[in-house]
Amino acid sequence: GIQVEQSPPDLILQEGANSTLRCNFSDSVNNLQWFHQNPWGQLINLFYIPSGTKQNGRLSATTVATERYSLLYISSSQTTDSGVYFCAVGDYGQNFVFGPGTRLSVLP
Amino acid sequence: EPEVTQTPSHQVTQMGQEVILRCVPISNHLYFYWYRQILGQKVEFLVSFYNNEISEKSEIFDDQFSVERPDGSNFTLKIRSTKLEDSAMYFCASRVDTGNTIYFGEGSWLTVV
């Protein structure tokens with residue numbers, strides 16, 4: 001099945017800093033989503049982005065499907081951005097597999 | 001925005017007891033999923049369900065687990081005889097079709113004691 005890797009595994013930032021999270025995947029996909037898991041365990045859907053670039057406020061994401069990676073950019077980070085960021089990908093069947101996540105800590 | 005809803009939000013159960021976790025997927029969605037997340041670990045796929053039958057399942061989804069869509073709106077996950085290692089957050093998810101966004105519920109936290 002599809003393999004998903006995320007880097008870095010852990011990231012500590014000062015409030016106001018920018019960051020880039022990376023997701024690599026092993027096969028062609030027709031679905032890629034980025035999630036933020038908040039401290040209460042909820043999975044918040046950030047982007048559905050199987051290809052191209054999207055922006056939503058301070059967050060943006062880019063997926064280069066031909067090279068099998070996606071990037072999540074967080075600008076001007078805030079303490080509320082802390083949590084785990086997951087990339088999850090789906091193939092052309094029904095598989096939808098999560099990466100191991102990047103744990104982000106934003107310090108005041 | 002439409003939501004996937006899950007109940008209960010938290011359940012504590014004795015080892016060996018049966019547990020049913022309930023989900024109401026988004027109304028026009030056709031594909032349904034259960035995932036679990038052991039504390040501090042990654043989100044793991046359990047099972048996918050389409051057209052009233054299981055379409056795929058992982059090795060985690062053994063004979064202790066079953067899923068059902070009893071009434072056309074609810075989607076349930078049953079664990080027949082819970083074990084300590086079943087303690088986890090269980091997420092239900094749904095989507096319209098395989099090329100679209102998957103929407104996740106807020107999760108049901110199961111603690112087996």
Side-chain angles (χ1 to χ4, degrees), chain A residues 1-10 21 23-25 27-52 54 56 61 63 65 70 82-105, chain B residues 1-6 8-11 23 26 29-51 53-61 67 87-111:
Chain A
I2 294 180
Q3 305 298 312
V4 185
E5 299 174 346
Q6 290 186 245
S7 59
D10 294 280
L21 282 55
C23 171
N24 292 329
F25 45 94
D27 211 339
S28 300
V29 299
N30 75 338
N31 182 0
L32 188 147
Q33 292 178 230
W34 282 97
F35 296 89
H36 175 215
Q37 187 166 43
N38 64 21
W40 296 271
Q42 297 168 344
L43 289 169
I44 309 302
N45 193 15
L46 298 176
F47 294 103
Y48 168 77
I49 187 165
S51 63
K54 289 186 177 179
N56 184 3
T63 297
S70 183
S82 296
V84 182
Y85 289 81
F86 289 104
C87 164
V89 303
D91 61 17
Y92 288 84
Q94 293 185 42
N95 289 314
F96 189 68
V97 179
F98 280 75
T102 291
R103 182 173 299 277
L104 175 65
S105 300
Chain B
E1 186 172 89
E3 287 184 339
V4 175
T5 57
Q6 291 186 239
S9 56
H10 188 194
Q11 182 164 351
C23 170
I26 296 171
H29 286 190
L30 302 176
Y31 294 82
F32 313 115
Y33 303 83
W34 284 101
Y35 287 78
R36 82 169 186 192
Q37 185 183 29
I38 295 171
L39 185 64
Q41 299 186 21
K42 66 188 285 187
V43 181
E44 300 174 291
F45 168 74
L46 291 178
V47 65
S48 59
F49 191 88
Y50 171 71
N51 201 25
E53 61 183 24
I54 290 173
S55 38
E56 296 196 43
K57 60 182 181 179
S58 71
E59 60 273 14
I60 302 169
F61 194 88
V67 289
S87 295
M89 178 79 97
Y90 289 82
F91 292 102
C92 174
S94 70
R95 59 177 163 178
V96 169
D97 65 43
T98 58
N100 287 87
T101 303
I102 293 187
Y103 293 87
F104 281 77
E106 294 189 344
S108 293
W109 182 251
L110 176 65
T111 302

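Letters go in sequence order (proteins before strands), and every chain restarts at 1.
Both the backbone and the side chain of A/F96 have a heavy atom closer than 4.5 Å to some heavy atom of chain B. With a threshold of 4.5 angstrom between heavy atoms, B/N100 approaches chain A through N, CA, C or O but not through any side-chain atom. Only the side chain of B/E56 has a heavy atom closer than 4.5 Å to any heavy atom of chain A.
Interatomic distance, B/T101 OG1 to B/I26 CD1, rounded to the nearest 0.5 Å: 9.5 Å. With values rounded to the nearest 0.5 angstrom, A/F35 atom CZ is found 13.0 Å from A/Q42 atom CD.
Between chain B and the residues A/P50, A/A88, A/G1, A/G41, the largest count of heavy-atom pairs under 4.5 Å involves A/G41. Chosen from B/F91, B/Y50, B/Y33, B/W109, the residue pairing most often with chain A at heavy-atom distances under 4.5 Å is B/F91. When B/E44, B/Q41, B/Q37 are compared by the number of non-hydrogen pairs under 4.5 Å with chain A, B/Q37 comes out ahead.
Applying the side chain to side chain donor-acceptor pair (under 3.5 Å) test to A/N30 and every residue at least two apart in sequence or in another chain returns nothing.
Annotation: B/K57, atom NZ; neighbour count of heavy atoms from other residues, nucleotides and ligands within 6.0 Å does not exceed 12.
Proximity of B/F61 to B/I54: side-chain heavy atoms (C-beta onward) are separated by under 4.5 Å at one or more points.
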